[in-house]
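Proteins get letters first, then strands, A, B, ... in listed order; numbering begins at 1 in each. Note that the structure is predicted; figures quoted are calculated from it, not measured.
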Protein chains: 2
Amino acid sequence: MRRKKAATNKGGATRQRIVTLALGLFNENGPDRVTTAQIAAAAGINEGNLYYHFRTKEALVAAVLDRFEADAMDLLAEGAEDSADPTASLGLLQRWFALVWDYRFLLRDMIGLLALSPELRLRVRALSAHLREAVEVLAQRLRERDLLIVPDEQFQPLLANLWIVATYWALYLDLHEGIAALTPDHLAWGLGQVRSLLRPYLAPALQALV
Amino acid sequence: MRRKKAATNKGGATRQRIVTLALGLFNENGPDRVTTAQIAAAAGINEGNLYYHFRTKEALVAAVLDRFEADAMDLLAEGAEDSADPTASLGLLQRWFALVWDYRFLLRDMIGLLALSPELRLRVRALSAHLREAVEVLAQRLRERDLLIVPDEQFQPLLANLWIVATYWALYLDLHEGIAALTPDHLAWGLGQVRSLLRPYLAPALQALV
DNA sequence: GTCTATAATCAGATAGAC
DNA sequence: GTCTATCTGATTATAGAC
């Protein structure tokens, strides 16, 4: 017999809506500058009600991080499939870019987040390490197939630059250019920046594709 | 006849000390999370006294930005001298790196700063544009001397990556690596990242130097 | 210039009715 | 699940004595 959704169902519509709206506000103004009152107002509910769904602001932030973790892990799982098609890597990169944009406050306001909830530190660090390893595996795979020609001593610096550009590209647009919403043009620009970074090391076979 | 320092002298020792200590706290915790009480305590003075020197927190932030502007302009002035020595650029870069680190909260917490004081937006944008133009001039100079070989269509992407790595490198260390203080090792690492970025485009004459 | 109050405001959070 | 009402604590800022 099918049970009705439990009252505190994690997938509750209101709860999910709060998370979505909070994410938007966090990206716009930083979690420190977004009050629970604003979040409640955005969700069209009362502050008291908000505190029914999330007993602390920290719990709300954690729920946003939960969602990011889930999204990032989905992406990672796809990356793990050792596709023979090098353009698959490009698709993954594109999705990574959109993800970094959608959750850019996580990177940008990390200090405030850690102050809000020191327990987050371990989760964030672990997630970050996991993602960076995935990038390295991806790049190493291209290298082994001679699609990427990089001398050993230049590989780690290249990876670090790749990571910096691919993660801070969104902040760069956000802060320096005052971009409020991600358009396909911006996404293309960010991909172009990564392409520019890789270009000197690409095998001729890939030059045409990337 | 030499006048005694005016009571509200901009260079007043206490005032300057407050700015220095506030800068340190802002870098550590972000301006939003640093209270006037903490700043006063760090300076070893009373909160009321702090408000004698800076009538609002915003005025204090503006004073920190004043100092950054002055430091950045000093650097810019040196860059404007068209030195024949290409290693001079490396020295400038090194100083830029130290500057970005010393004032890293300006980049990191810009959204909060703009919320605190919208008037800052124009100053920050102007300064940022000014600095980026300086970088472009510097790079263009190397190009004209055939020390940097970059096709036209790859020049702007290279500049953008240069800017992203050279400015966000400090945030990367700060947020991802949890670095608290900048050591010569970190500085060397950052310079290595920029070198890695430029390496594919350097003329053989420069490869040995950089 | 520096201090001791203290005001004014606003954030996060709770209790309990509906 | 949602609301109203309220509390507590922290933070910016002011008034006025020393």
Side-chain angles (χ1 to χ4, degrees), chain A residues 3-22 25-26 28-64 105 109 112-120, chain B residues 3-22 25-26 28-64 109 111-120:
Chain A
R3 256 178 81 240
K4 264 191 169 173
K5 285 188 176 188
T8 52
N9 189 336
K10 257 210 156 186
T14 303
R15 189 188 158 92
Q16 289 307 314
R17 200 157 44 86
I18 292 170
V19 172
T20 303
L21 292 162
L25 287 168
F26 289 166
E28 269 177 62
N29 304 112
D32 279 0
R33 305 201 65 86
V34 175
T35 67
T36 50
Q38 283 177 288
I39 297 169
I45 62 171
N46 188 276
E47 259 190 277
N49 190 8
L50 179 70
Y51 275 89
Y52 165 78
H53 290 284
F54 300 94
R55 282 177 54 221
T56 62
K57 192 179 178 182
E58 180 182 340
L60 176 50
V61 170
V64 175
F105 89 96
D109 305 313
L113 290 173
L114 294 178
L116 192 69
S117 158
E119 303 78 46
L120 250 58
Chain B
R3 256 177 82 238
K4 262 191 171 174
K5 286 187 176 189
T8 53
N9 189 334
K10 258 211 154 184
T14 303
R15 190 187 158 91
Q16 288 308 316
R17 198 157 45 85
I18 292 170
V19 172
T20 301
L21 291 162
L25 287 169
F26 289 167
E28 270 178 62
N29 304 113
D32 278 0
R33 306 200 64 88
V34 175
T35 67
T36 50
Q38 283 176 290
I39 297 169
I45 61 171
N46 187 278
E47 261 191 276
N49 189 8
L50 178 70
Y51 275 89
Y52 165 80
H53 290 284
F54 299 95
R55 282 179 52 224
T56 64
K57 194 179 177 182
E58 180 182 341
L60 176 50
V61 170
V64 175
D109 305 312
I111 287 201
L113 291 172
L114 293 178
L116 192 68
S117 159
E119 304 78 47
L120 250 57

Task: Under-4.0 Å side-chain N/O to phosphate OP1/OP2 contact, B:Thr36 with D:dT12 - done: yes
Open item on the list: What is the separation between atom CD on A:Glu47 and atom P on D:dC3, rounded to the nearest whole Å?
Closed with: 11 Å
TODO: To the nearest Å, give me how far apart CD1 (A:Ile45) and C1' (D:dC3) are.
DONE: 11 Å
TODO: Write down the distance between CG (A:Leu50) and P (C:dT14), rounded to a whole number of angstrom.
DONE: 12 Å
Task: For atom CD of B:Gln38 and atom P of D:dA10, their distance in whole Å - done: 12 Å
Task: Shortest non-hydrogen separation from A:Arg33 to B:Ala115 and the atoms involved - done: NE-CB, 3.2 Å
TODO: Quickly work out the B:Asp32 CG to D:dT11 P distance and round it to whole Å.
DONE: 12 Å
Task: A:Leu113 side chain reached by A:Val61 side chain, heavy atoms, under 4.5 Å - done: yes
Open item on the list: Once rounded to the nearest 0.5 Å, what's the spacing between atom CZ of B:Arg15 and atom CG of B:Leu60?
Closed with: 8.5 Å
TODO: Examine distances only and state if a side-chain atom of B:Gln16 and a backbone atom of B:Ala13 form a donor-acceptor pair shorter than 3.5 Å.
DONE: no
- [ ] Quickly work out the A:Leu60 CG to C:dA13 P distance and round it to whole Å.
- [x] 10 Å
Task: Atom-to-atom span, CZ of A:Phe54 to P of D:dT2 - whole angstrom - done: 12 Å
Task: A:Thr35 side chain, from C-beta outward: closest of C:dA13, D:dA13, C:dG12 - done: C:dG12
Open item on the list: Rounded to whole Å, how long is the line connecting atom CD1 of A:Ile18 with atom C1' of D:dT2?
Closed with: 11 Å
Open item on the list: Whether A:Tyr51 contacts C:dA13 is assessed here as follows: a side-chain N or O lying under 4.0 Å from the phosphate OP1 or OP2. Is that the case?
Closed with: yes
Task: B:Asn49 vs C:dT2: side-chain N/O to OP1/OP2 distance below 4.0 Å - done: yes
Task: A:Pro31 backbone acceptor or donor facing A:Lys57 side chain under 3.5 Å - done: yes
- [ ] Respond yes when some side-chain nitrogen or oxygen of A:Thr14 is under 4.0 Å from OP1 or OP2 of D:dT2, and no when none is.
- [x] yes
Open item on the list: So if I take every side-chain heavy atom of B:Asn46 and compare against D:dA13, C:dT4, C:dG12, which nucleotide ends up nearest?
Closed with: C:dT4
